[in-house]
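What follows is a single structure, written as structure tokens, with notes after it.
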Amino acid sequence: MPELPEVETVRRGLKRLVKGKVIEKVKVTYAPMVKTGVDTFCQDLIGQEIEHVERRGKYLLLYLTDFVLISHLRMEGKYNFFPEQVPTNKHFHVLFTFTDGSTLVYQDVRKFGTMELLGKSDVEVYFISRKIGPEPSEEDFGLEEFVKKLAKSKKPIKSHLLDQSLVAGLGNIYVDEVLFRAQVHPAQASQQLSAEQVADLRQATIEVLRLGIEKGGSTIRTYKNALGMDGTMQDYLQVYGKTGQACPRCQTEIVKIQLGGRGTHFCPQCQVKHG
DNA sequence: TAACACACCTGTTGGC
DNA sequence: TGCCAACAGGTGTGTT
């Protein structure tokens with residue numbers, strides 16, 4: 001599921017459902033998920049109130065009374081909220097029970113997701129050390145810096161855009177959409193892009209992710225009743241998952257290739273490789 | 001430093 | 001139908 005628009009949708013859902021709640025009990029059934037140590041995690045969270053729910057790139061940040069809980073959903077992580085009884089499910093790995101009897105449950109089939117509990121002053125260093133780039137907004141995502149970084153790299157542009165240090169939030173679905181919108185071939189070397197193409201890529205990134213947020217993210221391989229899984233962005237995708245279908249711009253068949261190990265969809269007519 | 005392979009896990013899909 | 005390989009929306013680590 002989760003690229004930036006999906007994580008933002010989850011953030012909004014969490015804010016609505018658990019902001020102001022106080023944690024009474026925490027149960028972790030898959031300890032390796034909690035990177036900062038499961039015992040202190042469960043202990044430290046007791047009595048903490050969820051004050052704000054924020055997001056940085058694809059990371060969720062739960063600001064608590066004394067700590068910040070950083071949650072990354074990776075490939076399949078999702079949150080469920082149960083006002084009363086919690087059903088049994090072998091993929092429920094972390095359960096936060098609140099003082100009012102409700103429960104927030106983290107579910108993750110592939111167990112790739114991570115949680116970390118940090119002090120509030122450690123958050124900035126955390127993202128710097130992970131080299132998380134600017135948010136994909138007009139204000140944060142500067143063209144000049146983007147141009148500079150691309151000029152230094154021979155990497156295929158798609159692989160480069162997936163690197164979160166360039167800009168935070170793109171994943172395999174939205175990156176294909178961004179390249180289609182900017183009419184850039186996914187395998188084009190970063191440093192061979194024209195100034196116009198680079199500017200178009202920046203603009204497309206901002207617009208595609210904004211649209212994704214507006215549509216509540218995309219729901220592919222849906223699990224109902226999970227927070228943030230009610231999006232409609234899948235109805236607006238132009239190339240991702242459209243192999244063999246007509247390009248919305250020129251009617252040429254969309255093709256799928258492997259690039260950097262990832263399924264990559266593009267229009268061979270609109271997105272031509274140069275150099 | 002950069003670019004790539006691989007590991008982490010489980011479920012689903014498509015080919016034979 | 002059964003089996004099995006390939007694939008699935010991400011990122012951290014290790015190796016060239």
Side-chain angles (χ1 to χ4, degrees), chain A residues 1-10 29-36 55-60 70-79 89-94 106-116 126-133 148-179 186-192 208-209 212-213 215-223 226-244 256-265:
Chain A
M1 166 197 70
E3 300 181 37
L4 187 146
E6 291 75 26
V7 177
E8 175 62 19
T9 305
V10 172
T29 60
Y30 183 69
M33 268 202 59
V34 182
K35 299 300 176 188
T36 47
R55 179 190 57 72
R56 176 78 175 87
K58 301 176 193 170
Y59 294 80
L60 282 167
I70 300 187
S71 166
H72 197 299
L73 309 174
R74 294 288 178 96
M75 300 287 261
E76 309 233 350
K78 42 189 75 79
Y79 281 96
N89 184 310
K90 67 171 175 172
H91 301 306
F92 286 177
H93 303 308
V94 184
Y106 177 75
Q107 173 185 9
D108 193 339
V109 169
R110 289 172 76 179
K111 300 179 179 168
F112 282 174
T114 60
M115 285 190 198
E116 285 156 283
Y126 178 91
F127 288 109
I128 290 172
S129 72
R130 275 169 182 70
K131 299 187 169 61
I132 301 302
K148 250 192 243 172
K149 285 177 177 166
L150 291 179
K152 283 192 292 190
S153 171
K154 294 187 175 75
K155 255 193 196 175
I157 183 61
K158 166 161 175 175
S159 311
H160 207 165
L161 287 170
L162 287 173
D163 177 344
Q164 302 296 298
S165 67
L166 205 50
V167 57
L170 286 175
N172 202 41
I173 295 179
Y174 292 97
V175 75
D176 281 3
E177 296 299 315
V178 165
L179 290 163
Q188 185 76 48
S190 298
Q191 60 184 196
Q192 288 178 327
V208 166
L209 292 175
I213 291 172
K215 301 301 174 192
S218 38
T219 309
I220 294 176
R221 293 152 58 169
T222 311
Y223 287 76
L227 277 190
M229 294 304 286
D230 50 351
T232 59
M233 184 61 193
Q234 64 279 6
D235 301 334
Y236 298 85
L237 298 177
Q238 310 283 295
V239 287
Y240 182 85
K242 307 290 184 189
T243 314
K256 181 179 182 183
I257 61 169
Q258 286 292 121
L259 186 63
R262 314 300 301 275
T264 299
H265 313 73

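Labels below follow one simple rule: chain letters A, B, ... track the order of the sequence lines, proteins then strands, and each chain is numbered from 1. Note that this is a predicted model, so its numbers are computed, not measured.
Counting to the nearest Å, the P atom of B/dA7 and the NZ atom of A/K35 are 16 Å from each other. Rounded to an integer number of Å, the gap from CZ of A/R74 to C1' of B/dC8 is 8 Å. Rounded to whole angstrom, the span from the OH atom of A/Y240 across to the C1' atom of C/dG10 amounts to 12 Å. Rounded to whole Å, the distance from CG on A/D163 to C1' on B/dA5 is 16 Å. Put simply, CE on A/M33 is 13 Å from C1' on B/dC9, counting in whole angstrom units. When rounded to the nearest whole Å, the span between CG of A/L162 and C1' of C/dT11 equals 11 Å. The distance from atom NZ of A/K131 to atom C1' of C/dG10 is 17 Å, rounded to the nearest whole Å. Nucleotide C/dA8 holds its C1' atom 14 Å from the CG atom of A/D176, rounded to whole Å.
With its ring centre under 5.5 Å from that of the base six-membered ring and a plane angle below 30°, A/F112 counts as stacked on B/dC8.
Considering only side-chain N and O atoms, A/R262 lies under 4.0 angstrom from the phosphate OP1 or OP2 of C/dG10. Contact annotation: A/Q164 does not reach the phosphate of C/dG10 (side-chain N/O to OP1 or OP2, under 4.0 Å). Phosphate contact (OP1/OP2 of B/dT10, side-chain N/O of A/H91, threshold under 4.0 Å): absent. For A/T114 and C/dT11, the shortest distance from a side-chain N or O to OP1 or OP2 is not below 4.0 Å. At the phosphate of C/dG12, OP1 or OP2 sits under 4.0 Å from a side-chain N or O atom of A/R130. Side-chain N/O atoms of A/K58 include one lying less than 4.0 angstrom from OP1 or OP2 on C/dT11. Neither OP1 nor OP2 of C/dT11 sits under 4.0 Å from any side-chain N or O of A/K111. Taking side-chain N and O atoms only, A/Y59 has no distance below 4.0 Å to OP1 or OP2 of C/dG10.
Nearest to the side chain of A/K256, among C/dA8, B/dC4, C/dG10, sits C/dA8. Each of C/dA8, B/dT10, C/dG10 was ranked by its minimum atom distance to the side chain of A/V109; first place goes to B/dT10. Closest to the A/R110 side chain, of the nucleotides B/dG11, B/dT10, B/dC4, is B/dT10. Each of B/dC9, C/dA8, B/dA3 was ranked by its minimum atom distance to the side chain of A/Y30; first place goes to B/dC9.
For the P atom pair drawn from C/dC4 and B/dC9, the interatomic distance equals 23 Å after rounding to whole Å.
One side chain, A/Y79 or A/S71, offers a donor N or O that lies under 3.5 Å from an acceptor on the other. Neither side chain, A/Y59 nor A/E116, offers a donor N or O lying under 3.5 Å from an acceptor on the other.
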Requested in this report: Go through the steps to decide whether A/M75 and A/V109 satisfy the test side chain to side chain contact (heavy atoms under 4.5 Å, CB included), and finish with yes or no.
Outcome: CA-CA 9 Å; A/M75 300 287 261; A/V109 169; over 6 Å; no
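A salt bridge links A/K155 and A/D163; the closest N-O separation between the charged side-chain nitrogens and carboxylate oxygens is under 4.0 Å.
Within 4.0 Å of A/K154, counting heavy atoms only, lie sugar-phosphate atoms of the nucleic acid but no base atom.
Under a 3.5 Å cut-off, the side chain of A/R56 and the backbone N or O of A/K58 do not form any donor-acceptor pair.
In summary, the aromatic rings of A/H265 and A/Y240 are positioned with their centroids under 6.0 Å apart.
Searching all strands for a Watson-Crick or G-U wobble partner of B/dC9 with both distances below 3.5 Å returns nothing.
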